[in-house]
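The next block holds one structure in the form of structure tokens; read it before the comments.
Just the heavy atoms: all of them, side chains too, but no hydrogens, waters or symmetry mates, feed the values below. Sequential numbering from 1 along the given sequence is applied to the chain's residues. None of these values were measured; they are calculated from a predicted model. All ligand and atom numbering here is 1-based and tracks the order in the structure.
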Amino acid sequence: MLLHLLLIVLVILVTRKLIPWYLTFRAFRQKVDLIPGPNGWPILGNVPELIQKLKKGEMTRLLFKEYPEKYGPIFRFWTAFVPRIGLCSARHAEPLLSSTKLIKKSIDYDLTRDWLGDGLLLSSGLKWKTRRRLLTPAFHFTILENFIPIFVKCTERFVKVLEGKMVGQKFFDIYPLTSLASLDAICECAMGVEVEAQCSEESEYVKAVKRASVIANARSVQPWYYSDFVFYLSATGREQKKLLRMLHDFTRKIIEQRREEFRNKEVDDETTSRKPVFLDLLLSKDLELSDSDIQEEVDTFMFEGHDTTGAGIAWCLYELGRHPEIQEKAFEEIQSVLAKYDGKIDSRSLSEMKYLEACIKETQRIRPSVPVVVREATEDFQSGEYVVPKGAQVSVLIMSIHMDPEFYPDPEKYNPERFFSGEQVKRHPYSFIPFSAGPRNCIGQRFAMLETKTTIALFLNKFIVRSKEPISAIKPQAELILKPDIGLFIEVIQRD
Ligand code: HEM
């Protein structure tokens, strides 16, 4: 009797649920598979190959080079039942990036939601639109100008650290140091707090950010960890929980401190002339943001605003260290501009360092700090000759787009002239997108450029840099940020 009942339930389940689901999925799959891509395993799709490559440190090469070379500027692969589309040409990426409707971030970003909450990076729909509108004035040029003295102060600290510890010492990894320097800068600009991360041996916060990024990244190719329930039962999941608690405590404490200072400031508003930081703007009554709203935006700024810039500065110093003649040209420009402005770094002097800007942009082209952005197709859309169906997870492979020989002949070659001689105006507007493009581009891009320029200008004014290996010897690893596999080893020599 019981067996009969079970059998009936099973038949109903199969006919009512499983078969319709399978038929819908099969039709969807057929649509996705019109796009070229590798064959996969039943159910698992391409997960076995991805995991194998991840273990060997070759996943970045597979996705950014091998697949595009084999399948073309638009390709697909499957992580279990999840279809993934890669877009690696400006022409194919434009319809997605320029759309005001296709703004939903992919499921991969959910894996950082416990960390960044529903802040500007992860939110979508009305919440994102409202927040973006509220936060945009905070990145106005007149506000950003106030941060230049902070960038100068943090770079002076950076130079001191180099002078104290590194000068004369043979090759050392510059990436952890630029990461700490950027952490100092974003902490002060976002929250008005001087953490002096560069002066402490190794900041717990930075260690936690790094480890949490590695875990989130590995999780994105392990579908059995997509469920929070399963993930947080695992040892790695428990470790992640601990790291996130640490990260949140760090920012929460800073918000509390600033709120207190902000209250006092309100009392004697007339007498204080302190320049506002981002947190002041978030705390302003006009925005009506709750504590948790502020916490998620602060966590997002701290995350988006430090390792991205830190990695960009490190890759740029490394490239300059490989190209002494380019470094010398940048140095000469810095010297002549600083001489004109009595040695002062401000918005005017920075804006005249055009060749330095070209060096930074050429680095961002070859080694973009954010190598990929991923959206969920919330409706079908046309990309080149293919239709990307609703429901697919779509990656814009920024690093591959930047290597297109149509716009960048000899793409592996580091050549700042590409951004100096007016050549850029002739290129496709989506052929250079280190800060993404369209309505969901980086809100902090001008901030990042000012910080990067200040740091490198003051660095080159003091030091000559030489890099150890050719850049081709360093495998870039596309985690949430583009990282070098073996570090970026340079030596610095004090200028006379
Ligand atoms: C060199 C440094 C930086 C690079 C390369 C960079 C790159 C990017 C990219 C590619 C995106 C799009 C992400 C996506 O669609 O998934 C983005 C978004 C964002 N970035 Fe940056 N970023 C940098 C620095 C900064 C800084 C300094 C801040 C803050 C002070 C910042 C804040 C943000 C925020 C809040 C978003 C989300 C914007 C939105 O969706 O409306 N970034 N960034």
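Shown in contact with Pro434 at under 4.0 Å from a heavy atom are these atoms of ligand 1, numbered in order with element: 5 (C), 7 (C), 10 (C). Listed by number with element, the atoms of ligand 1 under 4.0 Å from a non-hydrogen atom of Phe447 are 27 (C). Proximity to Val373 (heavy-atom distance under 4.0 Å) selects the following atoms of ligand 1: 10 (C), 12 (C), 13 (C), 14 (C), 15 (O), 16 (O). Atoms of ligand 1 lying under 4.0 Å from at least one heavy atom of Trp128, given by number and element, are 39 (C), 40 (O), 41 (O). Within the listing of ligand 1, atoms 14 (C), 16 (O) sit less than 4.0 angstrom from a heavy atom of Tyr109.
Each of Ile150, Leu279, Val277, Leu144 was evaluated against Cys189; a single residue qualifies, Ile150, per the side chain to side chain contact (heavy atoms under 4.5 Å, CB included) test. The only option from Pro411, Ser431, Pro368 that meets the side chain to side chain contact (heavy atoms under 4.5 Å, CB included) definition with His402 turns out to be Pro368.
Enclosure of atom CZ in Arg61 is not indicated, since only 12 or fewer non-hydrogen atoms of other residues, nucleotides or ligands lie within 6.0 angstrom.
Heavy atoms of Ile186 come nearer than 4.0 angstrom to ligand 1 in at least one pair. The closest approach between any non-hydrogen atom of Asn441 and ligand 1 is below 4.0 Å. Residue contact check for ligand 1: Lys105 places a non-hydrogen atom closer than 4.0 Å to it.
Contact of the Phe141 side chain with the Ser347 side chain is registered, since non-hydrogen atoms from C-beta on lie closer than 4.5 Å. Inter-residue side-chain proximity for Val47 and Trp78 is flagged as unmet; no heavy-atom pair is nearer than 4.5 Å. Counting heavy atoms from C-beta outward, Ile433 and Leu97 have side chains that approach closer than 4.5 Å. Between Phe432 and Arg427 there is no side-chain heavy-atom pair separated by less than 4.5 Å.
Counting only distances under 2.8 Å, and ignoring water, the protein N, O or S atoms around atom 21 (Fe) of ligand 1 are Cys442 SG.
Between Lys127 and Glu296 there is a salt bridge, since a side-chain N of the basic residue sits under 4.0 Å from a carboxylate O of the acidic one.
Here the closest heavy-atom approach between residue Gln393 and residue Val374 is recorded as C-CG1, 4.4 Å. For the pair Lys344 and Ser349, the tightest heavy-atom approach, listed with the atom from each and the gap, is O-OG, 2.8 Å.
Considering only non-hydrogen protein atoms, atom 38 (C) of ligand 1 sits nearest to Arg132 NH1, 3.5 Å.
Of the inter-residue distances, the one linking Cys154 atom SG with Leu458 atom CG reads 11.5 Å to the nearest 0.5 angstrom.
Using a 4.0 Å cut-off between heavy atoms, Phe147 makes no contact with ligand 1 at all.
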